[in-house]
Each structure stands twice: as structure tokens, then as C-alpha cells.
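Scroll down for the structure; my scribbles are underneath it.
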Amino acid sequence: MLFRSDGDNLDHAGELKAVELDGIAAAGRQAGVWGWYTADNEINPALHVRTDVLQNYFGSLPPQTRAQLAWHSIDDNFSGLNMQNLYVAGKLMQDPSLDAQMLLDEFCRGFVGEANAPAVADALRAVEQARTRSVFYKSRVDDAVAPPTEWQKNRRPLPASWLDDTSNAVDAAIAGMKSVKLASDFQTAWPVTMEPAEYLAELDAHLEAIRQMLAFLKGVREVEKLQAGGVPQEQLEAAIAALPKVVYDPAHTAGLEAAIYKQKLATLKKGRQRRR
């Protein structure tokens with residue numbers, strides 16, 4: 001099942017349908033599901049939070065799925081930073097009626113402790129709001145608040161306030177993470193592929209990358225207004241040159257936004273050149 005970029009709507013071309021399960025069973029076989037893109041984003045490896053995707057996906061499965069499936073996998077190409085998705089997915093596989101947001105909170109309590117869990121959960125939700133609910137992974141400059149393209153026409157449109165709301169959520173998450181303190185003898189409750197202290201450092205770095213990206217996108221909106229207003233070429237070029245930058249710190253794994261930024265900036269400059 002592939003959820004496009006909004007984390008909300010099913011891609012009907014990949015939906016598991018009851019009639020298909022019944023047809024496979026009638027042929028004397030059992031179906032298997034490769035859960036590609038459901039808990040991760042393979043071509044854009046990063047810290048992805050897919051709580052709503054997982055809630056919607058497992059809630060959408062036909063009633064006979066449990067009896068007619070031989071197996072169901074969940075992909076995770078960046079397993080160190082996406083342990084929360086595997087936890088939520090594993091619980092929902094056992095009981096799709098569970099609340100995925102409560103499961104995310106549960107994971108955080110076991111992973112970083114009761115006192116730290118609220119701030120870490122808020123940070124993960126901010127990442128989800130930015131990376132999973134937007135379409136800014138496209139190379140074109142038209143980002144989350146642009147009209148949906150043809151392949152997105154069935155998705156729930158994001159509100160015009162998405163950019164400001166998400167920026168506020170990320171800023172609040174960055175501030176909240178400053179309160180997170182792990183005791184020297186803290187032991188996580190879960191078997192993990194990345195220890196909490198290392199994970200928290202990476203989470204901070206990813207939040208900062210997202211903050212920079214959102215600032216850039218806000219600047220792009222202002223450039224688009226200048227373009228629409230027909231300002232002189234020199235003014236437009238100066239506005240593009242002054243856009244906030246998105247940088248990659250190689251000490252961490254948060255390089256996704258920096259790569260997207262380069263693509264968008266190049267596209268923006270090409271648009272300026274065509275205008276000459």
C-alpha cells in the first residue's frame with residue numbers, strides 16, 4: 001500500500017481489496033503483502049513518522065485479511081530512526097482498532113522514560129506534520145500549499161495555514177527537546193537498533209533541517225509573489241539570492257532537506273531565466 005504524500009489517503013492502485021483476497025483463496029493459494037512505503041519512504045531515507053499512515057492503512061484492510069494472508073511485511077529502510085513506526089505497525093497488526101497516537105506515546109515512554117516522553121512525542125509529531133503531510137519532496141518549487149497535481153487529486157488538500165502551523169509546531173518541538181534529559185543509568189524498555197541518546201541527537205538535527213526547509217519555503221512564497229507582480233529582473237534575482245539556506249551537517253543523518261533545497265533552488269532559478 002502506497003500512501004502518497006499526505007499520509008491520509010490510500011493509493012487505490014495499491015489497495016488490498018477483499019475481492020482480490022477471495023480470488024486468490026479460490027485458486028487455492030494464500031496472499032502475502034509487501035508493505036512498501038507504509039512505514040518508511042525508501043527513495044527518501046530519513047527519520048519518517050508514519051503514525052497516521054499506519055492507522056489509516058491497517059484500519060482499511062478487509063475483514064478477512066487475517067485469515068487469508070500468509071504473511072504481511074513492513075519495510076523500514078532507515079530502521080535506526082524509524083523504530084517508532086515499527087512499534088506502532090507491530091501493535092496495529094495485532095489489533096487494528098488500537099489508537100496509533102496512543103501507541104506512539106507508549107513507544108516514547110518506554111524509549112526515553114515517562115518525564116521525557118511528551119517532548120519527544122511532540123517532536124515526532126512535528127516531523128510527521130512536516131515530512132509526511134506535505135509534498136515538498138518533489139523537485140519542483142510548488143510545495144505543500146500548491147494545488148494538487150493529477151496524481152494527488154483524491155487527497156485531502158492541506159489548509160493554506162499549513163506552512164505557518166508546521167513552522168510553529170517545529171519551533172515548539174525544538175524548544176521542548178531542550179527539556180529532555182536522560183539519566184546516566186537510563187535503560188530503555190524496548191530492544192532498539194539505536195540507543196536513546198544517539199537517537200535524540202539525530203532527532204534534534206532532523207528538526208533543525210526541517211526548520212530551515214520551512215523558512216526557505218516561506219521565502220519561496222515571497223519570491224513567487226514578486227514573480228506574479230512582475231518586478232524588475234534585478235529585484236527578483238536579489239530576492240532569490242537572499243532566500244534562507246538549508247545546509248547539511250555531515251555529523252548527522254539529516255541530509256534530506258538539503259538535497260531537496262538544492263533541487264528547488266535550481267528550479268526556481270530556471271524559472272527566473274525563462275522569464276528573461
List the steps and the verdict of side chain to side chain contact (heavy atoms under 4.5 Å, CB included) for Leu268 and Leu243. CA-CA 11 Å; Leu268 195 63; Leu243 284 170; 3.5 Å; yes

Test salt bridge (charged side-chain N to carboxylate O under 4.0 Å, His left out) on Asp52 and Arg125 and set out the steps. CA-CA 10 Å; Asp52 285 344; Arg125 290 187 176 102; over 6 Å; no

Taking it one step at a time, do Leu69 and Leu21 satisfy side chain to side chain contact (heavy atoms under 4.5 Å, CB included)? CA-CA 8 Å; Leu69 279 189; Leu21 284 174; 4.0 Å; yes

Checking side chain to side chain contact (heavy atoms under 4.5 Å, CB included) for the pair Gln129/Trp162: CA distance, chi angles, key distance, verdict? CA-CA 9 Å; Gln129 184 171 338; Trp162 178 87; 4.2 Å; yes

Just do the side chain to side chain contact (heavy atoms under 4.5 Å, CB included) check on Glu106 and Val88 with the steps written out, would you? CA-CA 9 Å; Glu106 184 176 279; Val88 172; over 6 Å; no

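When hydrophobic clusters are built by joining Ile, Leu, Val, Met, Phe, Trp and Tyr residues whose side-chain heavy atoms come closer than 4.5 Å, directly or via intermediates, Met83 is grouped together with Phe78. Tyr248 and Leu47 fall into different hydrophobic clusters, where Ile, Leu, Val, Met, Phe, Trp and Tyr are joined by side-chain heavy atoms under 4.5 Å apart, directly or via other members. Note: the hydrophobic cluster containing Trp190 also contains Leu124 (ILVMFWY, side chain heavy atoms under 4.5 Å, direct or indirect links). In this structure, Leu200 is a member of the same hydrophobic cluster as Met194, with clusters built from ILVMFWY side-chain heavy atoms closer than 4.5 Å. Linking Ile, Leu, Val, Met, Phe, Trp and Tyr residues whenever their side-chain heavy atoms come within less than 4.5 Å leaves Met102 and Leu92 in two separate clusters.
The shortest side-chain heavy-atom distance between Asn77 and Pro45 does not fall under the 4.5 Å cut-off. Counting heavy atoms from C-beta outward, Thr253 and His206 have side chains that approach closer than 4.5 Å. Side-chain contact check for Leu54 versus Leu103: every heavy-atom pair is 4.5 Å or farther apart. At least one side-chain heavy atom of Phe216 sits under 4.5 Å from a side-chain heavy atom of Lys264. In this structure, Asn85 and Asp40 have side chains that are not in contact, with every pair of non-hydrogen atoms separated by 4.5 Å or more. Residues Glu208 and Ile174 form a side-chain contact, since some pair of their non-hydrogen atoms from C-beta on lies under 4.5 Å apart. Between Asp22 and Gln68 there is a side-chain heavy-atom pair separated by less than 4.5 Å. Looking at heavy atoms from C-beta onward, Leu203 lies in side-chain contact with Val127 at the 4.5 angstrom threshold.
Within the 3.5 Å criterion, the main-chain N or O of Gly23 finds no donor-acceptor partner in the side chain of Arg29. Using modelled atom types, one side-chain atom of Asn82 and one backbone atom of His48 make a donor-acceptor pair closer than 3.5 Å. Under a 3.5 Å cut-off, the side chain of Gln84 and the backbone N or O of Leu81 do form a donor-acceptor pair. Using a distance-only test at 3.5 Å, with no hydrogens or angles considered, no donor-acceptor pair links the side chain of Trp34 to the main chain of Asp75.
Closest approach of Asp95 to Ser97, counting heavy atoms only: OD1-OG, 2.6 Å. Between Ala258 and Val247, the closest heavy-atom pair is CB-C, 4.0 Å.
If you take NZ on Lys269 and CG on Leu265, they are separated by 4.5 Å, rounding to the nearest 0.5 Å. Atom OG1 of Thr193 and atom OH of Tyr199 lie 9.5 Å apart (nearest 0.5 Å). Distance check, rounded to the nearest 0.5 Å: OG1 of Thr38 to NE2 of His72 gives 6.5 Å. Leu217 contributes atom CG, which lies 11.5 Å from atom CD1 of Ile210 (distance to the nearest 0.5 angstrom). Note: Leu214 CG to Asp165 CG = 11.0 Å, rounded to the nearest 0.5 Å. Atoms CE and OH, on Met213 and Tyr261 in that order, are 10.0 Å from each other to the nearest 0.5 Å.
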Could you go through residues 107-118 and list every donor-acceptor pair under 3.5 Å that involves a side-chain atom there, pairing it with any protein atom two or more places apart or in another chain?
| from | atom 1 | to | atom 2 | distance (Å) |
| --- | --- | --- | --- | --- |
| Asn116 | OD1 | Lys181 | N | 3.1 |
| Asn116 | ND2 | Val112 | O | 3.0 |
| Asn116 | ND2 | Lys181 | O | 2.9 |

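Of the listed residues (Arg131, Lys262, Gln212), just one forms a side chain to side chain donor-acceptor pair (under 3.5 Å) with Glu257, and that residue is Arg131.
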